Amino acid sequence: QVQLAESGGGSVQPGQSLTLTCTASGTINFIRDMAWYRQAPGKQREVVATITAYGIVDYRTSVQGRFTISRDNAKNTIYLRMDALVPEDSAVYYCNAQHVYSNSSNRFVSLWGQGTLVTVAS
């Protein structure tokens, strides 16, 4: 059993910053790719940023240059530094992880955290 827990959400004004944290716990074999997703009311869940086990990152265009995803494998943790926040960034942010449960086959299961709410408003 592996669980993901996000933290760091809150309410901020436009232009301010927040850093989200996601920590995996439980019986961890190996975590491959991890990612941050977000979902605003009435909209589809969308990927925000991804990071592989080796540190290769990717961002959706709307956050490119403002957000930074990073990873600390020793702590089983990823972060999302969000700068220059705008109201369009308001959403519930979810952590996702690919937990490899079989070393021999490299098969994995996709896990989700409970989400943390980010609100950007004046």
Side-chain angles (χ1 to χ4, degrees):
Q1 181 69 48
V2 176
Q3 298 86 31
L4 304 179
E6 305 99 332
S7 63
S11 181
V12 298
Q13 295 181 327
Q16 294 185 327
S17 299
L18 279 175
T19 297
L20 307 182
T21 300
C22 171
T23 299
S25 61
T27 306
I28 300 172
N29 182 32
F30 177 74
I31 296 178
R32 207 174 72 175
D33 296 352
M34 298 187 75
W36 287 99
Y37 287 73
R38 67 187 182 188
Q39 187 167 25
K43 299 183 65 177
Q44 296 183 136
R45 185 172 298 187
E46 62 185 21
V47 65
V48 178
T50 61
I51 185 167
T52 72
Y54 305 101
I56 300 174
V57 302
D58 196 16
Y59 301 91
R60 71 179 303 106
T61 57
S62 62
V63 308
Q64 183 77 43
R66 298 189 297 118
F67 290 12
T68 303
I69 187 171
S70 59
R71 180 166 180 159
D72 187 340
N73 289 339
K75 298 180 179 180
N76 298 311
T77 297
I78 61 167
Y79 307 91
L80 185 68
R81 172 72 179 186
M82 304 183 293
D83 295 321
L85 285 162
V86 295
E88 291 75 18
D89 296 320
S90 297
V92 177
Y93 283 70
Y94 297 92
C95 180
N96 175 265
Q98 297 176 339
H99 180 239
V100 178
Y101 58 87
S102 174
N103 289 333
S104 59
S105 66
N106 202 37
R107 299 176 68 177
F108 64 89
V109 61
S110 182
L111 304 175
W112 295 91
Q114 81 288 349
T116 185
L117 178 63
V118 172
T119 301
V120 185
S122 300

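Keep in mind that this is a model prediction, so the values were computed, not measured.
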Tabulate below the donor-acceptor pairs under 3.5 Å that side-chain atoms of residues 112-122 make, not counting sequence neighbours, or state none.
{"residue": "Gln114", "atom": "NE2", "partner": "Glu6", "partner atom": "O", "Å": "3.1"}
{"residue": "Gln114", "atom": "NE2", "partner": "Glu6", "partner atom": "OE1", "Å": "3.3"}
{"residue": "Thr116", "atom": "OG1", "partner": "Gly9", "partner atom": "N", "Å": "3.1"}

Closest heavy-atom pair, Ala40 versus Ser90, reported as atoms and distance to 0.1 Å, is CB-O, 3.7 Å
Partner residues of Ala24 under the side chain to side chain contact (heavy atoms under 4.5 Å, CB included) criterion, sequence neighbours left out: Val2, Leu4, Ile28, Ile31, Asn76
Could you tell me if the side chain of Asp33 sits less than 4.5 Å from the side chain of Thr50, heavy atoms only? no
Please name the pair of heavy atoms, one in Leu80 and one in Ala49, separated by the smallest distance, quoted to 0.1 Å. CD1-CB, 4.3 Å
Side-chain donor or acceptor of Arg107 paired with backbone N/O of Ser102 under 3.5 Å: no
Applying the 4.5 Å side-chain criterion to the ILVMFWY set and letting contacts propagate, would Val109 and Val100 be lumped into a single cluster? no
Cluster check Leu18, Val92: I/L/V/M/F/W/Y, side chain < 4.5 angstrom: no
Say whether Tyr59 and Met82 are linked into one hydrophobic cluster, either directly or through other cluster members, by side-chain heavy-atom distances under 4.5 angstrom. yes
Are Phe67 and Val57 connected, step by step, through hydrophobic side chains (Ile, Leu, Val, Met, Phe, Trp, Tyr) whose heavy atoms are closer than 4.5 Å? yes
Residue pair Arg38 / Asp89, side-chain heavy-atom distance below 4.5 Å: yes
So which atom in Lys75 and which in Thr77 form the shortest heavy-atom distance, rounded to 0.1 Å? O-OG1, 2.8 Å
Trace of the side-chain contact (heavy atoms from CB on, under 4.5 Å) decision for Arg32 with Asn106: CA-CA 10 Å; Arg32 207 174 72 175; Asn106 202 37; 3.8 Å; yes
Search all heavy atoms of Cys95 against all heavy atoms of Ile78 and return the closest pair with its distance. SG-CD1, 3.8 Å
List for me each residue that meets side-chain hydrogen bond (donor to acceptor under 3.5 Å, both in side chains) alongside Gln13, sequence neighbours excluded, and say none if there are none. none
Any non-hydrogen side-chain atom of Tyr94 less than 4.5 Å from a side-chain atom of Asn96? no
Interatomic spacing from SG in Cys22 to CH2 in Trp36 - rounded to 0.5 Å: 5.0 Å
More than 12 heavy atoms of other residues, nucleotides or ligands under 6.0 Å from CZ of Arg60: is that the case? yes
Within 6.0 angstrom of Gln44 CD, more than 12 heavy atoms from elsewhere: no
Find the distance between CG (Asp58) and CD1 (Ile69) and round it off to the nearest 0.5 Å. 9.5 Å
From CE (Met34) to OG1 (Thr52), nearest 0.5 Å: 12.0 Å
Contact summary for Tyr79 and Thr21, nearest pair of heavy atoms: CD2-OG1, 3.5 Å
Non-hydrogen atoms of Tyr37 and Val48 that approach each other most closely: C-CG2, 3.9 Å
